[in-house]
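Only heavy atoms go into these numbers, but all of them, side chains included; no hydrogens, no water, no symmetry mates. No experiment lies behind these values; they were computed from the predicted model shown.
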Amino acid sequence: MDDTLFRLPSTEPAEHAEVPPGVPRLQLPNRGQLELRSVDLDGLLPADHRARLVWAFIEGLDLAPLYARIKAVEGHPGRPPIDPAILTALWLYATLEGVGSARALDRLCAEHDAYRWLCGGVGVNYHTLAAFRVEEADVLDRLLTESVAALLADGLVTMAAVAQDGMRVRASAGAASYRRRSTLERFLAEAEAQVAALKAELDDDPAATSRRVAAARERAAIERAERVRKALDHLPELEAAKRRAGKAADEARASTTDPEAKVMKMADGGYRPAYNVQFAADTKSQVIVGLDVSTAGTDQGQLRPMVRQLRQRYGRDPDALLADAGFLKTAEIDELACGTTLYLPVRRPEDPTRDPHRPLPDDSPAVAAWRIRMGTAEAKEIYKDRAATAECVNAIARNRGLQRFGVRGREKARAIGLWFALAHNLMRTVVLRGTAAAT
């Protein structure tokens with residue numbers, strides 16, 4: 001590059017010229033000077049750096065299932081893979097720092113001291129990082145359960161009260177990708193024809209194009225055909241929902257980019273393709289104890305699956321479950337009355353003279369008890385913890401980058417949610433154990 005384009009007029013006095021008084025003396029850069037430095041990776045970070053906390057957390061996790069999947073073993077051929085502990089630490093630290101791109105993380109591993117320290121001299125690439133982030137969801141789910149169970153055993157998490165809230169996270173799909181059945185069937189036929197033509201081109205004349213380019217084109221065509229096929233597979237469900245709403249079934253549309261994403265009403269009032277991320281957090285510790293990623297555009301019906309999930313994870317139901325009015329569904333109040341006390345606000349009646357906390361004649365015993373309970377001062381005091389817990393957890397996730405999914409499909413979106421839950425709990429664990437040690 002011609003640096004004269006950006007060069008300012010020189011202020012350096014010419015040789016043998018008299019230097020006028022008042023000219024500043026400056027330390028100018030000399031980028032051609034050779035330097036010898038003796039620096040080790042461990043000396044790059046201070047002792048209390050957050051990356052060290054992440055690595056200490058990783059050392060306490062049981063990553064045996066990840067090591068069991070490695071095929072390169074001693075005494076047999078095969079290139080040794082990257083230690084799963086490094087990949088786990090990198091994504092946890094990246095999540096805490098708001099980095100959600102595998103390419104960005106790859107670049108940081110070469111340029112940023114904290115990521116270089118976590119790598120410890122091991123080279124990474126964005127393909128490996130991207131695959132690891134979404135392919136190990138089962139292990140991440142188990143790590144969430146085990147880490148929270150350890151806090152339960154130490155009394156730092158009680159599950160005496162759990163607050164649940166949902167937030168819509170934009171999917172990796174545009175509104176223009178939604179198509180009706182006739183269009184999807186035409187797209188599928190075109191995609192399958194393109195795949196067949198590319199295969200025939202390679203078979204007839206392998207030297208017609210670069211094999212790498214031809215293989216990439218064929219792979220892209222196959223992936224597009226698969227996405228369109230999945231969109232068609234989801235159409236019957238969408239058509240049934242249209243019929244239940246009293247609309248024509250042919251109005252149903254599915255996305256060719258992310259067939260599982262649903263158009264939902266967002267926080268700003270607009271409608272976009274999204275997933276409904278549900279976090280449940282212990283009100284005492286603000287530790288996330290459960291999560292789910294739903295394709296439902298409403299929070300109604302999400303309480304029972306969460307209680308069932310917590311029972312499966314920890315062998316017990318929460319004593320109390322706090323949620324906002326969007327979760328209100330009287331059928332769930334009846335179903336959860338036996339093991340968990342629900343704290344949900346009672347909706348205002350149309351008749352302003354009627355007491356909303358007085359049971360209605362057709363209320364079941366559980367619903368009547370809920371109405372009466374929510375009118376007490378004790379319930380109102382308990383319910384104050386909902387916003388301080390659930391909305392705080394959601395806000396922290398948003399600030400760390402959970403604004404839009406960069407992956408497609410519900411299972412991959414759930415894997416991203418698990419990374420956010422583990423990263424959140426990591427920092428809460430540091431605070432909780434630090435407080436317990438101080439007392």
Side-chain angles (χ1 to χ4, degrees), residues 31 33-70 72 79-137 139-140 142-144 146-147 150-151 287-288 396-397 399-402 406-407 415-435 437:
R31 298 184 179 90
Q33 177 67 42
L34 296 178
E35 294 183 357
L36 295 178
R37 295 186 179 183
S38 178
V39 180
D40 63 309
L41 283 175
D42 202 53
L44 296 176
L45 300 185
D48 59 347
H49 196 279
R50 180 183 284 183
R52 295 184 185 274
L53 296 178
V54 171
W55 189 255
F57 179 75
I58 293 298
E59 290 180 323
L61 297 178
D62 180 13
L63 301 180
L66 295 178
Y67 292 106
R69 298 175 185 179
I70 297 175
R79 187 173 183 270
I82 301 171
D83 187 347
I86 295 176
L87 299 175
T88 306
L90 285 173
W91 273 120
L92 279 179
Y93 185 73
T95 303
L96 290 172
E97 295 294 307
V99 178
S101 164
R103 289 182 182 273
L105 180 54
D106 182 17
R107 184 171 60 253
L108 287 168
C109 288
E111 300 174 355
H112 196 286
D113 286 345
Y115 295 92
R116 291 173 57 210
W117 183 87
L118 288 172
C119 289
V122 177
V124 298
N125 60 80
Y126 75 90
H127 286 291
T128 302
L129 291 168
F132 184 84
R133 192 186 190 195
V134 296
E135 291 179 355
E136 307 297 344
V139 177
L140 297 177
R142 185 184 59 81
L143 292 177
L144 176 65
E146 292 179 352
S147 58
L151 296 174
V287 167
I288 296 175
I396 291 174
N399 291 337
R400 286 178 178 153
L402 193 56
V407 296
I416 303 302
L418 284 166
W419 283 110
F420 276 89
L422 285 170
H424 175 89
N425 288 357
L426 184 159
M427 298 311 298
R428 291 305 305 157
T429 300
V430 172
V431 173
L432 293 170
R433 295 202 181 280
T435 303

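When all heavy atoms are compared, the tightest approach of R79 to A72 is O-CB, 3.7 Å. In terms of heavy-atom proximity, F420 sits nearest to A397 at CE2-O, 3.7 Å. The shortest non-hydrogen separation linking G121 to L41 is N-CD1, 3.8 Å. For A102 against L129, the heavy-atom pair with the smallest separation is O-CD1, 3.9 Å. Heavy atoms only, all atoms of each residue included: A423 and L92 are closest at N-CD2, 3.7 Å. Contact record, A94 with L105: CB-CD1, 4.0 Å, taken as the closest heavy-atom pair.
To the nearest 0.5 Å, atoms CD1 (I288) and CG (L422) are separated by 9.0 Å. Note that CG of L96 and CH2 of W91 are 12.5 Å apart. Values are rounded to the nearest 0.5 Å. Here I58 contributes atom CD1 and L53 contributes atom CG; the two are 12.0 Å apart, rounded to the nearest 0.5 Å. For the atom pair W419 CH2 and L402 CG, the distance stands at 14.5 Å (nearest 0.5 Å). Between the CG atom in L418 and the CZ atom in R142 there is a gap of 12.5 Å [rounded to 0.5 Å]. Here the NE2 atom belonging to H424 is positioned 7.0 Å from the CZ atom belonging to R400, to the nearest 0.5 angstrom.
Counting only residues at least two apart or on different chains, the salt bridge (Lys or Arg N to Asp or Glu O under 4.0 Å) pairs with a member in residues 417-433 are D154-R433. Here salt bridge (Lys or Arg N to Asp or Glu O under 4.0 Å) pairs that include residues 118-131, with residues two or more places apart or in two chains, number zero.
Here the side chains of L66 and L87 are not in contact, with every heavy-atom distance at 4.5 Å or above. Put simply, the side chain of L143 reaches to within 4.5 Å of the side chain of L63, judged on heavy atoms. At least one side-chain heavy atom of L432 sits under 4.5 Å from a side-chain heavy atom of V287. Counting heavy atoms from C-beta on, the side chains of V99 and Y93 never come closer than 4.5 Å. Side-chain contact between I86 and L118 is absent, with no heavy atoms from C-beta onward closer than 4.5 Å. Looking only at side-chain heavy atoms (C-beta outward), S147 and T429 stay at 4.5 Å or farther from each other. With contacts defined as side-chain heavy-atom distances shorter than 4.5 Å, the pair E97/Y115 qualifies. The closest side-chain heavy-atom distance from P81 to T128 is not below 4.5 Å.
Looking only at distances, no side-chain donor or acceptor of W117 sits under 3.5 Å from a matching main-chain atom of L44. The backbone N or O of P46 lies less than 3.5 Å from a partner atom in the side chain of R52, making a donor-acceptor pair.
Between D113 and R116, at least one side-chain N (NZ, or NE/NH1/NH2) sits under 4.0 Å from a carboxylate O, which counts as a salt bridge.
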